[in-house]
Every structure is written in structure tokens, then in C-alpha cells.
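Let me begin by presenting the structure, written as C-alpha cells, before commenting on it.
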Amino acid sequence: MNTDMIKVATIAGSDASGGAGLEADLKTFAEYGLYGMTAITVIATMNPNNNWSHDVFPINEEALKAQLETIFKGIGPVAVKTGMLGTEYAVKLAGEYISKYYVENYVLDPVMVCKGAGEALHPELNTAVEKILLPLAKIITPNLFEAGQLAGTKEPTTIEEMKEVAQILLQKGAKSVYMKGGNKLSEASKSYLAKDVYCDNTGCIVLEEPLYQTNWTHGAGCTTAAAITAGLAQGLSTYDAVVLAKRFISQSLSGSFPLNKWVGPGNPTTWRKDKAIFGK
Ligand code: PXL
């Protein structure tokens with residue numbers, strides 16, 4: 001009997017296309033050798049008859065609560081990630097369970113947009129996320145748009161602006177911030193590097209990996225936050241978990257592929273080759 005299996009959970013949306021959301025989280029947890037559990041907050045679907053436009057169907061409060069009881073009371077994860085929450089009751093319930101069960105390794109991915117969807121999905125939820133979830137998190141992992149929304153600033157466009165916005169998020173009570181510039185920063189394409197910024201109360205560090213010229217990056221944000229959650233569950237420091245997650249997502253994007261003309265995910269299994277070479 002293996003009693004050493006590390007158990008982790010994601011409170012997130014299901015992405016019917018399989019590349020983002022809890023599907024990305026579970027694949028990532030498995031690559032790290034962990035056991036993943038899920039509380040589904042919403043089901044996201046994409047319409048092939050209407051240019052892959054997104055629809056979001058919330059899971060009702062009772063069903064969400066029952067899933068959280070299963071996971072937290074019934075089993076007990078050592079690390080938890082939240083992704084797309086979709087409703088105010090999901091934000092409140094997530095906060096309730098993370099506090100009640102003293103989850104220290106909590107990663108807040110403040111999902112506000114899906115790739116391809118130009119506008120925030122639920123702007124009214126941002127205040128609840130900031131008030132209830134941000135103070136509980138060991139790390140928050142916004143993209144540039146989400147960082148600007150949470151900080152109440154314009155969207156950062158340079159590394160310097162990313163650091164400034166991260167400082168505001170630290171002042172708002174975040175313990176650490178991993179802001180993903182990735183392929184969105186204009187200086188990324190010039191330098192051929194996907195650049196992110198990690199900040200905590202000791203300062204900021206820029207993380208870089210090669211920039212892959214691909215549109216198929218669906219689920220990259222979810223995968224990154226899930227990889228950080230997995231690293232924390234394995235006992236890594238927040239910074240070490242971030243460094244390993246950056247390597248993991250870079251490997252995943254190096255193997256990305258299209259699902260159809262609209263969307264394509266990374267391939268989280270790609271890093272097995274890397275592990276085989278470096279014996280990590
Ligand atoms: O990538 C953001 C995201 C998160 N969660 C779910 C999604 C998406 C984007 O499609 O569907 C469930």
C-alpha cells in the first residue's frame with residue numbers, strides 16, 4: 001500500500017476542449033506524480049458554429065459544496081489551486097474551505113479571461129476574489145490583463161511596469177506574485193524570450209525561457225499555476241516551485257499542437273524527455 005501519495009486539489013472550471021481548466025490541472029498533477037482531485041465550479045464550452053465563442057454554465061451551490069466536502073473533509077489535499085470560479089458563491093465557498101482546513105499551499109490563479117475572449121468574463125467577481133481569496137494565497141498568478149484589473153491600473157506592457165503592478169498587488173496583501181508576460185510582452189518577440197516576473201517582499205526576479213512562435217498556447221496559464229501547486233505540494237519553496245513550473249510550461253509549449261483552426265494547447269507530457277535527460 002502506498003501511503004506516501006501526495007494529494008492535491010483544484011477548484012476550477014471544466015474546459016470541454018480539454019486544454020485548459022481542471023483538465024489541464026489534472027494532466028499537470030499527473031506529470032508531477034501527484035494524485036489530483038477536482039471541485040468543478042463551471043463548465044466552459046466552445047461553439048464551433050459561432051467561431052469558437054465561449055459559454056459558461058455554473059455548477060449549482062449545493063453541488064459545489066458537496067464536492068468541497070468530499071475533498072477537504074473526506075480526504076485532505078496538501079495543496080490547492082483555484083482557477084475559473086465563475087460565481088460569487090464559488091469564491092465564498094472556496095475561501096471558506098481553504099480557511100477552515102488551514103490550507104497553506106494555496107495558489108490563486110485569478111482567471112478572468114479565456115484566450116481568444118477579449119473581455120473579462122465576470123468583472124463583478126474581481127472584488128470578491130481580492131477581498132476573500134488574495135489574502136489566503138501563498139502566490140497569485142495573474143496574466144498581464146488580470147494583473148492590471150486586480151491592481152486597478154492599466155495593463156502592464158513592459159518588465160518595469162510588471163514589477164510596479166506586482167508591488168501594488170503585494171501591497172494589497174498578496175504574499176507573492178508570479179506575473180506571466182509570456183508571449184504577450186512586446187519585448188518578448190524582440191528578445192525571443194518568454195519573460196515572466198516573480199515578486200515577493202524580498203524583491204523581484206525575471207524568469208526567461210525560449211519564446212516559441214506558436215498560437216497554440218491554450219491552457220498555458222492553468223498549466224503554470226497547476227505546476228506551481230504541484231511543486232509546493234512536493235515541499236518546494238514558492239520560488240523553486242515557480243522556477244520548475246516555468247521550465248514545465250516551456251517544455252509543454254515546445255510541443256504544442258492545434259485542435260482545430262481556432263485553438264491548440266501545449267503538451268504537458270513533453271517534459272518527460274527533459275526529465276529523462278536531466279534525471280530530475
Ligand atoms: O485559460 C483560461 C481558462 C480557465 N478555465 C477554463 C477555461 C479557460 C479558457 O478556455 O475554459 C475552464
Side-chain angles (χ1 to χ4, degrees), residues 8-29 36-48 50-60 63-64 67 80-87 89-91 93-94 107-123 125-126 129 133 137 140-150 155 178-184 194 196 214-230 245 248-249 252-253 256-268:
V8 292
T10 179
I11 307 171
S14 165
D15 167 11
S17 79
L22 66 86
E23 287 79 5
D25 297 343
L26 283 181
K27 291 169 197 179
T28 303
F29 296 155
M37 300 179 277
T38 59
I40 310 183
T41 51
V42 297
I43 298 173
T45 60
M46 297 85 204
N47 188 345
N50 185 24
N51 240 347
W52 212 242
S53 62
H54 289 51
D55 285 304
V56 175
F57 302 91
I59 299 295
N60 75 45
L64 177 57
Q67 295 175 84
V80 174
K81 182 205 136 168
T82 55
M84 187 188 287
L85 293 165
T87 62
Y89 61 77
V91 176
L93 278 173
V107 177
L108 166 58
D109 187 16
V111 176
M112 293 175 195
V113 276
C114 286
K115 291 216 167 57
E119 54 200 78
L121 291 168
H122 296 284
L125 288 185
N126 299 354
V129 168
L133 297 180
I140 64 171
T141 61
N143 60 24
L144 298 174
F145 174 82
E146 291 154 353
Q149 292 286 307
L150 276 178
E155 185 173 329
Y178 184 52
M179 199 185 297
K180 301 159 293 183
N183 63 355
K184 291 283 182 313
D196 304 333
T214 177
N215 290 327
W216 311 131
T217 59
H218 179 58
C222 305
T223 302
T224 303
I228 296 172
T229 310
F248 183 79
I249 188 61
S252 174
L253 292 173
S256 72
F257 58 97
L259 294 173
N260 54 30
K261 66 178 175 182
W262 294 287
V263 73
N267 177 356

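Just follow the structure's listing: the first ligand is 1, and inside any ligand the first atom is 1. Residue numbers start at 1 and run along the sequence shown. Worth saying up front: this structure is predicted, and the values here are computed from it rather than measured.
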- Please check if any side-chain donor atom of Thr141 sits under 3.5 Å from a side-chain acceptor atom of Asp109, or the reverse. yes

- Identify the heavy atoms of Ser14 and Glu23 that sit nearest to each other, and give their distance. OG-OE2, 2.7 Å

- Query: Is the closest heavy-atom distance from Ser14 to ligand 1 below 4.0 Å?
  - Reply: yes

- Query: Hey, are Ser256 and Thr214 close enough side-chain-wise for a donor-acceptor pair under 3.5 Å?
  - Reply: yes

- Residue part near ligand 1, for Cys222, under 4.0 Å between non-hydrogen atoms: side chain

- Numbered atoms of ligand 1 (with element) below 4.0 Å of Ala44, judged on heavy atoms: 11 (O)

- Query: How would you list, by chain and number, every residue that makes a side-chain contact (heavy atoms from CB on, under 4.5 Å) with Pro258, sequence neighbours excluded?
  - Reply: Trp216

- Item | Subset of ligand 1 atoms that lie under 4.0 Å from at least one heavy atom of Gly13 | 12 (C)

- CD1 of Ile43 to CG of Leu22, rounded to nearest 0.5 Å, is 9.5 Å

- Task: For His54, take its heavy atoms, then give the atoms of ligand 1 lying under 4.0 Å from any of them.
- Result: 10 (O)

- Message: To the closest 0.5 Å, what do you measure between CD1 (Ile228) and OG1 (Thr28)?
- Response: 11.0 Å

- Check ligand 1 against Asp15 and write out every atom of the ligand that is under 4.0 Å from a heavy-atom position of the residue. 11 (O), 12 (C)

- Item | Per-atom contacts, ligand 1 versus His218 - under 4.0 Å to a heavy atom | 9 (C), 10 (O)

